[in-house]
Amino acid sequence: MENQGFEVTITPEIIKTKDIYWDLSFNLGYNKNKVTHLPDGDELTSQATAVGYAYRNWYLREWAGVDAMTGTPLWFKVNEDGSKTVTGDYNQATRALLDAVPTPKFNGAISTNLTWKGLSLNAIFTFAAGAKVYNGQRAGALDRDCGRNSQPPMRLADGWSRWEKPGDIATHPQLIGGGNNGADGECTRYLENGDYFKLKSLSLAYSFPKRWLEPIGLKAANLSVGGENLFTIASFTGQDPEILFSSKFNGSASEFGYPTVRRFTVGLNLQF
């Protein structure tokens, strides 16, 4: 296996005066790997190990959308001459190595510190890009097109639509009790973008002037408020994609993991 990557950190001091200090730190890491040799041949599972591709490369049937006239699901089929056609038969659809992986190609963070006299503000943002995450919760329960009658379909995300009549250009096939021709089968329909941008932590603190503290017998006093995991920007329709990059999930949301905790704190530090 070949591994390539880099990491860069830039930390400029933007303002540095007697009363004001402001710095900004930017960190970015990139990693890419490729399998170069397998003595026993390719291991073609859903997350494949194949020569010429990244480790855990996705190996899935490719979703081709919905037939506008019938509302049935479609997949791509690779013919013997290498050409692609569409098929409404899930079992005829061809699995393909997608050149997509469940781990981010880029990871990074942005942090900043701003102080003005006794007031200080600190913020840390984290981000990741380049991963494709399989939303198994959609496939297994939430978005099965009534594949199981006890599981009602999820509310469609913005930009999604349900086929209802001939001519509809839709992202989701017709609802049919018991399922619509295997529409909920494992395929790229449930493979989503795992990119995210997150405000990991934010804190605001104030150190009281000594002239206020000496009359009451204090050497120092600091009041702070803070929060963690305050917001996440992501197009992924499941849980926080950050937790899905751990070894427990390997980029597949097949179960409900423990969610990222949003925490708020208030602190008072007194020095006598």
Side-chain angles (χ1 to χ4, degrees), residues 7 9-11 14 21-31 56 100-116 118-144 151-160 190-208 221-270:
E7 184 174 1
T9 301
I10 302 173
T11 309
I14 300 173
Y21 178 82
W22 180 26
D23 70 14
L24 184 68
S25 179
F26 176 78
N27 173 266
L28 176 67
Y30 169 78
N31 183 69
R56 289 189 179 276
V101 293
T103 53
K105 295 179 180 178
F106 293 93
N107 287 279
I110 302 171
S111 64
T112 186
N113 297 280
L114 175 64
T115 61
W116 176 67
L119 194 65
S120 63
L121 177 69
N122 175 270
I124 299 176
F125 301 87
T126 60
F127 61 89
K132 293 294 184 180
V133 178
Y134 191 81
N135 195 338
Q137 295 167 3
R138 280 181 56 207
L142 303 178
D143 192 17
R144 299 187 63 184
Q151 296 173 333
M154 66 183 287
R155 177 182 177 182
L156 298 184
D158 292 341
W160 292 359
Y190 301 109
L191 196 63
E192 300 184 26
N193 192 328
D195 298 354
Y196 71 86
F197 183 84
K198 171 179 292 190
L199 177 53
K200 193 70 174 177
S201 68
L202 178 68
S203 63
L204 180 66
Y206 182 70
S207 296
F208 293 92
N222 180 276
L223 176 65
S224 63
V225 294
E228 298 178 13
N229 301 307
L230 296 181
F231 72 77
T232 300
I233 300 173
S235 62
F236 185 66
T237 58
Q239 64 210 90
D240 185 348
E242 182 183 28
I243 68 172
L244 301 177
F245 300 143
S246 68
S247 58
K248 177 181 179 181
F249 296 98
N250 288 318
S252 180
S254 57
E255 59 182 275
F256 289 97
Y258 192 76
T260 303
V261 176
R262 180 177 297 164
R263 182 181 293 112
F264 298 94
T265 59
V266 177
L268 177 63
N269 185 14
L270 303 176

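For clarity, every value in this text was computed on a predicted model and none was experimentally measured. What you see below is based on every heavy atom in this structure, not just the backbone, and it leaves out hydrogens, waters and symmetry mates.
The line from NZ of Lys200 to CD of Glu228 is 8.0 Å long, rounded to the nearest 0.5 Å. The OG atom of Ser111 sits 6.0 Å away from the CD1 atom of Ile124 when rounded to the nearest 0.5 Å. Note that OG1 of Thr126 is 9.0 Å distant from CG of Asn107, once rounded to the nearest 0.5 Å. Remark: Leu121 CG to Ser203 OG distance equals 7.0 Å, nearest 0.5 Å.
Other residues, nucleotides and ligands place more than 12 heavy atoms under 6.0 Å from the CH2 atom of Trp160.
Across all their heavy atoms, Asp195 and Ala131 have their closest contact at OD1-N, 4.0 Å. In plain terms, the two heavy atoms of Leu244 and Gln239 that are nearest each other are CD2-CD, 3.8 Å. Here the shortest heavy-atom pairing between Ser120 and Thr115 reads CB-CG2, 3.6 Å. Residues Thr237 and Ala157 come closest through the heavy atom pair CG2-CB, 4.4 Å. What you find for Leu199 and Phe125 is that their closest heavy atoms are CD1-CE2, 3.4 Å. Among all heavy-atom pairs drawn from Glu7 and Asn27, the shortest one is OE2-ND2, 3.1 Å.
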Intermediate values then yes/no, side-chain contact (heavy atoms from CB on, under 4.5 Å), Phe26 and Leu28: CA-CA 7 Å; Phe26 176 78; Leu28 176 67; 3.8 Å; yes

Criterion side-chain contact (heavy atoms from CB on, under 4.5 Å) on Val101 and Arg56, from CA distance to verdict: CA-CA 6 Å; Val101 293; Arg56 289 189 179 276; 5.8 Å; no

Derivation and outcome, side-chain contact (heavy atoms from CB on, under 4.5 Å), residues Leu204 and Leu119: CA-CA 7 Å; Leu204 180 66; Leu119 194 65; 4.0 Å; yes

Candidate pair Phe245 and Val133, rule side-chain contact (heavy atoms from CB on, under 4.5 Å), full reasoning: CA-CA 9 Å; Phe245 300 143; Val133 178; 3.8 Å; yes

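Inspection of the Asp240 and Thr260 side chains reveals an N or O donor paired with an N or O acceptor under 3.5 Å. Side chains of Thr232 and Glu242: no donor on one and acceptor on the other come within 3.5 Å.
In this structure a side-chain-to-backbone donor-acceptor pair under 3.5 Å is missing from Tyr190 to Gly140. Although no hydrogens or angles enter the test, the distance criterion places a donor-acceptor pair under 3.5 Å between the side chain of Asn229 and the main chain of Val261. The backbone N or O of Asn113 lies less than 3.5 Å from a partner atom in the side chain of Asp23, making a donor-acceptor pair.
Under the salt bridge (charged side-chain N to carboxylate O under 4.0 Å, His left out) criterion, Arg144 pairs with Asp184, sequence neighbours left out.
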